[in-house]
There are 2 protein chains.
Amino acid sequence: MVKRLPRYFSYVQALANNGVEWVSSIELAKQLGLTSSTVRQDFSCFSFSGVSKRGYEVAGLLRMLADILGANTVWKVVVVGAGNLGRALVLHEDFVRNGFNIASIFDSDPEKHGINIGSLKVLPMQDLAEVVKIENIDMGIIAVPDTAAQSVADLLVDAGVKGILNMSMTHITTPDRIAVTDSRIVASLQQLSHCVLFSCRRNS
Amino acid sequence: MVKRLPRYFSYVQALANNGVEWVSSIELAKQLGLTSSTVRQDFSCFSFSGVSKRGYEVAGLLRMLADILGANTVWKVVVVGAGNLGRALVLHEDFVRNGFNIASIFDSDPEKHGINIGSLKVLPMQDLAEVVKIENIDMGIIAVPDTAAQSVADLLVDAGVKGILNMSMTHITTPDRIAVTDSRIVASLQQLSHCVLFSCRRNS
DNA sequence: TAGATTGTTAATCGATTAACAATC
DNA sequence: TAGATTGTTAATCGATTAACAATC
């Protein structure tokens with residue numbers, strides 16, 4: 001269910017930008033490939049009420065979704081791993097636009113230290129703990145090779161982040177208080193590959 | 001379920017590289033954060049049998065997973081959108097290593113045409129259909145702004161791709177025969193943000 | 001043999017959908 | 001009023017887990 005929230009948010013944002021004031025569960029469902037039942041269920045679970053015959057008020061919906069997604073919060077994030085993926089993350093303007101502020105990027109390879117990526121310089125892993133603490137970093141993004149993923153997760157947890165976005169294939173283990181979300185592009189491509197071969201349809 | 005296959009594959013690959021010959025559902029479950037029941041259920045669904053007391057043969061498991069994920073197939077892929085994300089995808093060596101060969105990258109912005117990204121040159125959208133047909137492209141990756149996503153999807157489908165990896169926030173509609181997988185990094189970060197705020201744990 | 005681990009059935013759980021009375 | 005759409009309950013569906021006999 002949580003996975004639908006960013007999609008509602010994005011679509012409702014677009015509606016608001018276009019000056020649309022009301023939207024029905026039916027329309028929303030159609031646009032996002034869901035059933036209207038699911039949409040109503042989802043919203044009522046946050047006690048967000050609509051109005052019979054009109055639907056849901058776009059402005060209010062947007063406010064609610066922003067609140068539960070923390071879209072009004074500005075998060076401080078670090079990226080670990082300065083490969084192509086890490087580099088792309090730092091440069092991706094979408095993140096800042098959505099309140100994810102990348103404060104630093106780290107890599108274990110001394111060759112990379114000091115290299116400029118956007119307005120950041122690649123820092124050595126030894127600085128991680130200090131940066132996270134002093135700059136009050138909220139989340140870490142793991143963009144390192146699989147074999148290093150767990151130890152980087154441990155470092156991040158020890159340093160004090162509250163959440164981790166894991167982009168490696170490895171399953172990482174963390175204490176219960178740490179939120180973890182996995183996001184694996186190669187895995188998505190492999191799922192797609194499987195679906196193409198065996199003609200299953202939409203997954204994810 | 002499909003979403004677990006790439007993770008099994010990656011882990012079993014690592015086992016094979018380390019010369020491990022047998023693995024139990026219990027060990028696998030522990031490493032991937034699942035229950036042994038799920039693991040056995042999954043494998044038996046592909047009629048892959050283990051041996052009591054020993055577990056599953058790593059080599060055979062690897063072969064099976066490679067088969068169902070199409071990991072032995074070399075796929076030809078195009079990327080649409082030459083922003084930071086598109087650029088990163090082209091440069092990301094993980095793709096080639098896993099059999100996803102990026103043949104071309106396209107962008108609608110004339111300013112970008114001809115620019116070099118790795119060994120590729122950014123092509124205009126007008127060339128998309130022809131390239132997909134002549135080079136027998138299997139899949140397209142959508143890395144364009146949300147507003148353009150659906151029309152790019154239509155172009156890709158018309159041109160004849162069999163699968164689409166959608167990295168935009170938009171829900172795209174395609175004919176039934178086309179496989180679609182969504183992969184949204186910002187959405188993952190927003191899920192994480194929600195989980196940090198309301199202390200839910202692992203999702204995805 | 002004793003013990004470990006599979007394969008499979010049945011139970012549980014949760015998420016999605018259908019249905020429909022209430023309401024504007 | 002008639003019609004559209006919500007909010008919610010109950011039904012359905014599918015996925016996960018538990019349990020345990022079979023087996024090596």
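Please read these numbers as outputs of a predicted model, since none were measured by experiment. Below, chain A is the first sequence line, B the second, and so on; all start at residue 1.
Looking at I185(A) and M167(B), their side chains come closer than 4.5 Å, going by heavy atoms from C-beta outward. Using a 4.5 Å heavy-atom cutoff, the side chains of I142(A) and V80(A) are not in contact. Looking at heavy atoms from C-beta onward, D94(B) lies out of side-chain contact with N84(A) at the 4.5 angstrom threshold.
For DNA chain D, runs of at least 3 consecutive pairs of the Watson-Crick or G-U wobble type, with both hydrogen-bonding distances under 3.5 angstrom, map to C:3-24 with D:3-24.
Counting only N and O atoms by type, the side chains of Q150(B) and D154(B) include a donor and acceptor under 3.5 Å apart.
Checked by atom type and distance alone, the side chain of S193(B) pairs as donor or acceptor with a backbone atom of L69(A) at under 3.5 Å. Side-chain N or O atoms of S44(A) include none that pairs as donor or acceptor with a backbone N or O of S47(A) at under 3.5 Å. Using modelled atom types, one side-chain atom of T170(B) and one backbone atom of D146(B) make a donor-acceptor pair closer than 3.5 Å.
Between the CD atom of E57(A) and the P atom of dT5(D) there is a distance of 17 Å, given to the nearest Å. The interatomic distance linking L34(B) (CG) with dT17(D) (C1') rounds to 12 Å, in whole Å. Here the C1' atom of nucleotide dT6(D) and the CH2 atom of W22(A) are 12 Å apart, to the nearest Å. Between the CE atom of M1(B) and the P atom of dT17(D) there is a distance of 14 Å, given to the nearest Å. The CG-P distance, from L28(B) to dA4(C), rounds to 19 Å in whole Å.
OP1 or OP2 of dT6(D) sits under 4.0 Å from a side-chain N or O of S25(A).
Enclosure of atom CD in E21(A) is not indicated, since only 12 or fewer non-hydrogen atoms of other residues, nucleotides or ligands lie within 6.0 angstrom.
Within residues 35-56 of chain A, the residues having any heavy atom under 4.0 Å from DNA chain C are, by residue number, T35(A), S37(A), T38(A), R40(A), Q41(A), S52(A), K53(A).
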